[in-house]
Every structure is written in structure tokens, then in C-alpha cells.
Enquirer: 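Mind looking over this structure? Questions follow.
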There are 2 protein chains.
Amino acid sequence: MSGAAPLHQRIRGDIETKIVSGDWPPGHRLPFEHELMEQYGCARMTVNKVMSALAHAGLIERRRRAGSFVRQPAGQSAVLEIPDIKADIVARGQAYGYELLSYRRRSASGLDLESIAVPAGADLLVLRCRHRAGPNPFALEERRIALAAVPEAAAVDFAANPPGSWLLQHVPWHEAEHQIAARNADSEVAAALGIAPGAACLVVDRRTWRSGAPVTSVRLWFPGTLQTFVARFTPAAGGR
Amino acid sequence: MSGAAPLHQRIRGDIETKIVSGDWPPGHRLPFEHELMEQYGCARMTVNKVMSALAHAGLIERRRRAGSFVRQPAGQSAVLEIPDIKADIVARGQAYGYELLSYRRRSASGLDLESIAVPAGADLLVLRCRHRAGPNPFALEERRIALAAVPEAAAVDFAANPPGSWLLQHVPWHEAEHQIAARNADSEVAAALGIAPGAACLVVDRRTWRSGAPVTSVRLWFPGTLQTFVARFTPAAGGR
DNA sequence: AAGTGGTCTAGACCACACC
DNA sequence: GTGTGGTCTAGACCACTTA
């Protein structure tokens, strides 16, 4: 079954096995490119591709003149999937429900700055909405949209369309920053989510930019018992 | 400043800009490799390297015979750094403190199965420890170690060494699964962390394998107000 | 059948780090 | 200097997919 695989894949597999098994412990110097070249009887670009990929994945570190070394697996990092709420609920086999709780258009005040970095006075859409899984509240969404970045949003009927889905389709690619924390539900959040005041909630804050300009920010409150984030990962040492 | 950059980096930057700016919206067909080759006056391997990297990053999708296309940015994903607790505290400029609260060696019972997938009766080390930042409790750690996978652990003095650090150094590379949730502190956790019972805590569960065999599992309780996880990310569409 | 991307070669020059 | 990795070339053959 490994006979049909591309050569670079086979080489990569061999090396990864050596590293993961501990056969080549952290700090161990890997063979030089020209050695692997001979060993596998291939061109240098082929081994270089493999080694570059391993370095990019954070498994090894490459130093000119010195060679390539197995990295210390310092610090855990995990790739979290933060699913689209609707898709997530549907994937659980439940009916997705959505309600717009409040809708305001107003100028940004100083209080908005910590959630969305727009200039004071900028035109904002401020929404609160609730997502339901079947009959049960699933998440409370506090959303701000910078109309300077997405003027079309002013005309959208967010009573019918969840802002997250709409934005995803109309602001194609962007940068984002996520922050995950735990907070006790205050009475307002508790009422909206149908949970006891003080219940632990998972709070996801997401801020989104497009070419440096803030587009939207959102705080999502999930009842702590309902939502968890799972991440399966390959160990990446601090890597870049 | 861009004149000195490697050519493939310049090409990649150009294409990413077009995509992120929305100039090439999702679904847009990118130029073929031979077109980019002409456009930049370079060899095909150079453009191929760029396009492969973009595909690997999830920004585009490549189909033989059809071409390369900008992907739909479906679903948020974020790379969370889950720092080593000691390194994290030190990085905040505080003194790191550590205490072993309890230590037991016993056989695995059915109750252990949900946290660490070892056979019933397997030899386990079960620890509880507390991490401090300066004088203040920072995290409570509930740790299980499968001695079948790491027999040396039985002889280690975990009153002096945090098990996380020791394991990191002695079980170099591994797979792990993380789960992040919010829970209310019960009275026991609250006492250990010096917080009010019921306070929201961020709970990180991590299970670790080495070549398929369970090595360790850990549950970390952080006071919700103290610890948050931040992730800055480049948009990755559901992809690989 | 044709055209795309996937892979690979056998060279080359260069930057950089260490000696 | 010397040897490593970083980058690039100008070809080539193949697999797959779609028309």
C-alpha cells in the first residue's frame, strides 16, 4: 500500500515515524539533504520539499550550515473548529431556530471600543439574537457591525437572517481574533438562555477585520453544559 | 522592501491580496499555472509551490483539468495556543508556585475510562496539584498517568516536578485531544482555587496518546476570570 | 482526447552561519 | 573558506478529470 504513494510522502512518513516513536529524540540531528538524497536515490528538491514541510509543521528546525534538528515539543497548540452555529445544530440532528431580540442603529461610543475598534461616532449596527436547538435556547449572540466596512448590512432583514451567516457570505475573506473565557451568566443572559443565573457559560469573543479595518465583533454565550470545543491535533511546537 | 523577498513569496502575497480583498471572490478561477509562469517569467515549479501552499492553507481548492478556485470560507477555525502553565505564569511576570495535593497509585476502574482509555485494572498514577501565580492559586490539575506507557513515572517525585513538565520532556512527541468547556466550581474546586463556590471556571481536558496507546489525561480548572485563550488566525476554510 | 495539476529530475547560484 | 539550507530553472512523465 505504500508502494503507490508519492516518494516525498514515503520519505516524510519515514522521518515522522522516527521522530514520533522517539527514535530520534528532540535535539537529534537529522540526516543532511544530500544524505537523504543518496539514501532514497532521488533529487535534492524532493527531500527539500519534505524537510521544508516538516519545518513548517513545527516538527523540526532547520539551521543553515548546522543541519536539521528535531524540535522540543514545547507548549501545546490546538486547532479549534468554531463551527457555524446553525450548521452545528443541524449536525446534531436538531431543528435550528433563530430570533432577533433587539436591533439598533447608532453611533459608536467609547464603550464600544473594547469590543470593536472603530472610531468614535462611527455608524454601528448593534444586535442581540438567540439561537435555538429544537425548543431550547442554544446561544446568545451580541453582535456589532461596522457599517463603514459593510454598508449593505443596513438594508438586510436580520430578523430572518442570522448576521453570522449573512456576513460570512458577504465579507468573504478576513482576519479574525478569538478569545475564549468562562463567565457566570448574569440575570439578563440567564433569562435569554433559560438557565439559572450564575450558571457557567462558555463565552467566545470574535473580532473580525478586513484589510485592517474592523468589520464586526460578536460575543457568543453558550451554556457551559451545552457547548464544548474539541480539537484533535498534531503537536506543533510554537512553530511558524 | 519587496524587491529582496523570494519570488514565490511575492507571488503568494499578490494572490492572497487579491483573495482577501474580495477582488477574486469565492468560486473565482485563478490563473492556470502556465499563465502565472508567463506573467512572472519564472519556472512552473515556482508557481506550483505557491499554489500548493495556498491549497494546503485552505485558501484555494485545486482540481485537475479544471483549475484552481477561491474557496468558500466556511466555518471559523482558530489555532489556540495552550501554553505550558509554568511558562505562561512566568511570562506574565509572576512567580510560579506548585504544590502536589494528592498522590495515589491504583488500578484503573470503570470510572477512569471516560478520562483515560486504558483497560480496566491497568496501573495508574492519579494526582491532584495546584499551580500558583505569585501567592494566588492559578489552576487546579487533575492528572492520570498510564504506567504501562510511562513506567519511569512511578519513580518520579511529583512533589517537586509538575507532571506536565516531566511528561513533556519524557514523552517527546504524541497526539492529543483537547476539549474546552465552562463549569461552575464545586466546593472542592473552589476551596483549592480560593474562589467562590459556583464561580465559572474554564475547564480544559486533554488526553494524550503515543502510537495509539493512552499516555495521560489531565483536567485543568482555571478561574474563568483569570485565564482566557486567545487565537489570532488566518482564515482556514473547513479544509485539511 | 486534451489539458490540468502532481510529481520528479539534475543541475545551478546564493545567503548565511560557523570556522 | 566551507558546507548547509533556500531558492530557482527548464525540462519531463504521469494521473486524473472533464469535455
Side-chain angles (χ1 to χ4, degrees), chain A residues 1-16 18-19 24 26-72 236-240, chain B residues 1-16 18-19 24 26-72 237 239-240:
Chain A
M1 66 166 63
S2 59
L7 178 56
H8 69 90
Q9 218 168 89
R10 229 187 71 215
I11 300 177
R12 178 165 181 168
D14 288 355
I15 296 177
E16 278 183 341
K18 288 248 175 44
I19 294 176
W24 289 348
H28 178 90
R29 211 210 73 227
L30 276 68
F32 298 123
E33 293 193 350
H34 67 84
E35 292 175 323
L36 290 170
M37 226 174 112
E38 277 185 43
Q39 185 178 330
Y40 287 96
C42 67
R44 197 184 138 216
M45 269 234 60
T46 306
V47 280
N48 181 281
K49 184 174 186 168
V50 172
M51 303 287 272
S52 298
L54 289 172
H56 190 85
L59 224 65
I60 69 172
E61 188 184 345
R62 313 199 74 188
R63 290 203 304 272
R64 284 178 155 111
R65 169 75 212 213
S68 304
F69 302 84
V70 178
R71 284 187 66 156
Q72 290 285 350
R240 155 57 3 131
Chain B
M1 71 168 56
S2 61
L7 178 56
H8 69 88
Q9 220 168 88
R10 230 188 68 215
I11 301 178
R12 177 164 182 170
D14 288 355
I15 296 178
E16 277 183 341
K18 287 248 176 44
I19 294 177
W24 290 347
H28 178 90
R29 210 211 73 226
L30 276 69
F32 298 123
E33 294 193 351
H34 66 85
E35 292 175 325
L36 290 170
M37 227 173 111
E38 277 186 43
Q39 184 177 329
Y40 287 95
C42 66
R44 197 184 138 216
M45 270 233 61
T46 306
V47 281
N48 181 279
K49 185 174 185 167
V50 172
M51 302 288 273
S52 298
L54 289 172
H56 191 85
L59 224 65
I60 68 173
E61 188 185 347
R62 314 198 74 190
R63 290 201 306 272
R64 284 178 154 107
R65 168 75 214 219
S68 304
F69 301 84
V70 178
R71 285 187 64 157
Q72 289 286 347
R240 156 80 356 181

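Because only heavy atoms are used, hydrogens play no part in the values below, and waters and symmetry mates are left out as well, while side chains stay in. Numbered from 1 within each chain, the chains take letters A, B, ... in sequence-line order.
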Enquirer: In whole Å, I'd like the distance from the CD atom of A/Glu33 to the C1' atom of D/dT7.
Expert: 11 Å

Enquirer: Less than 4.5 Å apart, any side-chain heavy atom of B/His28 and any of B/Phe69?
Expert: no

Enquirer: Is the shortest side-chain heavy-atom distance between A/Met45 and B/Met45 below 4.5 Å?
Expert: yes

Enquirer: Give the rounded distance in Å between these two atoms: NE2 of A/His8 and C1' of D/dC14.
Expert: 14 Å

Enquirer: Go nucleotide by nucleotide along DNA chain D from the 5' end; which of A/Ala66 and A/Asn48 gets its closest nucleotide reached first?
Expert: A/Ala66

Enquirer: In terms of the nearest nucleotide of DNA chain C, which residue is placed more toward the 5' end: A/Arg64 or A/Met45?
Expert: A/Met45

Enquirer: Answer yes or no: does a side-chain N or O of A/Ser68 lie under 4.0 Å from OP1 or OP2 of D/dG5?
Expert: yes

Enquirer: When the nearest nucleotide of DNA chain C is assigned to A/Arg63 and to B/Arg44 on a heavy-atom basis, which residue is associated with the more 5' position?
Expert: B/Arg44

Enquirer: Measure from CZ on A/Arg62 to P on D/dT7 and round the result to the nearest Å.
Expert: 10 Å

Enquirer: Of the nucleotides D/dT7, C/dA10, C/dT4, which has the atom closest to the B/Phe32 side chain?
Expert: C/dT4

Enquirer: How many whole angstroms separate atom CZ of A/Arg12 from atom P of C/dT7?
Expert: 12 Å

Enquirer: Is A/Ile15 close to A/Met51 at the side-chain level, that is, under 4.5 Å between some pair of heavy atoms?
Expert: yes

Enquirer: Rounded to whole angstrom units, what separation is found between the CG atom of A/Leu7 and the C1' atom of D/dC14?
Expert: 15 Å

Enquirer: How many Å lie between CZ on B/Phe69 and C1' on D/dT17, as a whole number?
Expert: 12 Å

Enquirer: Can you tell me if B/Thr46 touches the phosphate of D/dT7, counting only side-chain N or O atoms and a distance under 4.0 Å to OP1 or OP2?
Expert: no

Enquirer: How long is the line joining CZ of B/Arg29 and C1' of C/dT4, in whole Å?
Expert: 10 Å

Enquirer: Over how many whole Å does the gap from B/Lys49 atom NZ to C/dG5 atom P extend?
Expert: 18 Å

Enquirer: Looking for any heavy atom pair under 4.0 Å, which part of the strands does B/Met51 touch: base, sugar-phosphate only, or nothing?
Expert: nothing

Enquirer: Does B/Glu35 pair with B/Arg29 as a salt bridge, N-O distance under 4.0 Å?
Expert: yes

Enquirer: State whether B/Glu33 and B/Arg62 are salt-bridged, where the test is any N-O pair (Lys NZ or Arg NE/NH1/NH2 against Asp/Glu carboxylate O) under 4.0 Å.
Expert: yes

Enquirer: Does a distance-only test, which skips hydrogens and angles, find a donor-acceptor pair under 3.5 Å between the side chain of B/Arg65 and the base of C/dA2?
Expert: yes

